[in-house]
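Chain letters run A, B, ... following the sequence lines, proteins first, then strands; residues in each count from 1. For clarity, every value in this text was computed on a predicted model and none was experimentally measured.
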Amino acid sequence: MTNESKKYWLIKSEPNVWSWDMQVAVGNKGECWSGVRNYQARNNLRTAKIGDLAFFYHSNEGKEIVGIVEVIKEAYPDPTHQIENSPWVAIDVKAIKPLKKSVSLATIKAEPMLADMVLVNNMRLSVQPVSEEEWRIICAIGMVDL
DNA sequence: GCCAACGTTGGC
DNA sequence: GCCAACGTTGGC
C-alpha cells in the first residue's frame, strides 16, 4: 500500500441510524458499511481499497463532517441484501480519529476552494470521492493532521 | 414537516 | 427509448 494509490472518500450516515459515536464504539474491529442502494455510490464502494480514508459525514442532523475512517475490508456482497446475484456491496470501515473541529456543510459551501466538491453538487450521493486537495483543505479546517 | 432535486420504475 | 409517476434523500 503506497500513498500514491490512496484514495479519499466521503460517506454519509444519518446519526440516528449510525452515528460517529457508534463507529468509535466498535473500535478497531470496524463496522460494515452497508445498505447502499444507488449505483453510483455502489461503484464508488467497489473502487475503495484497504487503507483508503473517508470523511464521516452526518446527514440530516448535524450536516457536518465529524471524523475520519479507514477502509479495512473491500467490497463484498451486502449482508443486508441477501438474494442471489444482489448488485449491492458493503465495505468495512473503522474510526481513525475525530476532527478537532467538525466541518459543516455551511462551511464547505462558504469555501470557494471547495465549490467543486461532490457534496455541494450532488448532495444525494451517499458515497462520493474526495480529491486530495479537498481532503487537505477540510483537514486543515477541521484541525486534524492526516 | 415541507418540498426540491434526483433516481428508479414501468407503461407505451 | 421516452417520459410520467412515484419514491427517497436530505437541506431548510
Under 3.5 Å, is there a donor-acceptor pair between the side chain of A:E70 and the main chain of A:K94? no
I'd like to know if the side chain of A:Q128 reaches the main chain of A:L119, judged simply by a donor and an acceptor atom lying under 3.5 Å from each other, with no hydrogens or angles considered. yes
Grab the [atom1]-[atom2] distance between [X] and [N] for me, whole Å please.
X: A:E14; N: C:dT9; atom1: CD; atom2: C1'; value: 8 Å
X: A:Q40; N: B:dC6; atom1: CD; atom2: P; value: 12 Å
X: A:Y57; N: C:dT9; atom1: OH; atom2: P; value: 15 Å
X: A:M117; N: C:dG11; atom1: CE; atom2: P; value: 13 Å
X: A:R37; N: C:dG7; atom1: CZ; atom2: P; value: 18 Å
X: A:E61; N: B:dG1; atom1: CD; atom2: P; value: 14 Å
X: A:L125; N: C:dG10; atom1: CG; atom2: P; value: 9 Å
X: A:N121; N: C:dG11; atom1: CG; atom2: P; value: 14 Å

According to a 4.5 Å side-chain heavy-atom criterion applied to Ile, Leu, Val, Met, Phe, Trp and Tyr, with indirect links allowed, do A:I68 and A:L114 form part of one hydrophobic cluster? yes
Is the phosphate of B:dC6 approached by A:Y39 (side-chain N or O, under 4.0 Å from OP1 or OP2)? no
Whether A:K109 contacts C:dC12 is assessed here as follows: a side-chain N or O lying under 4.0 Å from the phosphate OP1 or OP2. Is that the case? yes
Check: C:dT8 base within 3.5 Å donor-acceptor of A:R124 side chain: yes
Candidates A:E133, A:E132, A:E134 - the one meeting salt bridge (Lys or Arg N to Asp or Glu O under 4.0 Å) with A:R136: A:E132
Looking at the side chain of A:K63, which of C:dG11, C:dG10, B:dG7 is the nearest nucleotide? C:dG11
Among C:dG11, C:dG10, B:dG7, find the nucleotide with the atom closest to the side chain of A:N122. B:dG7
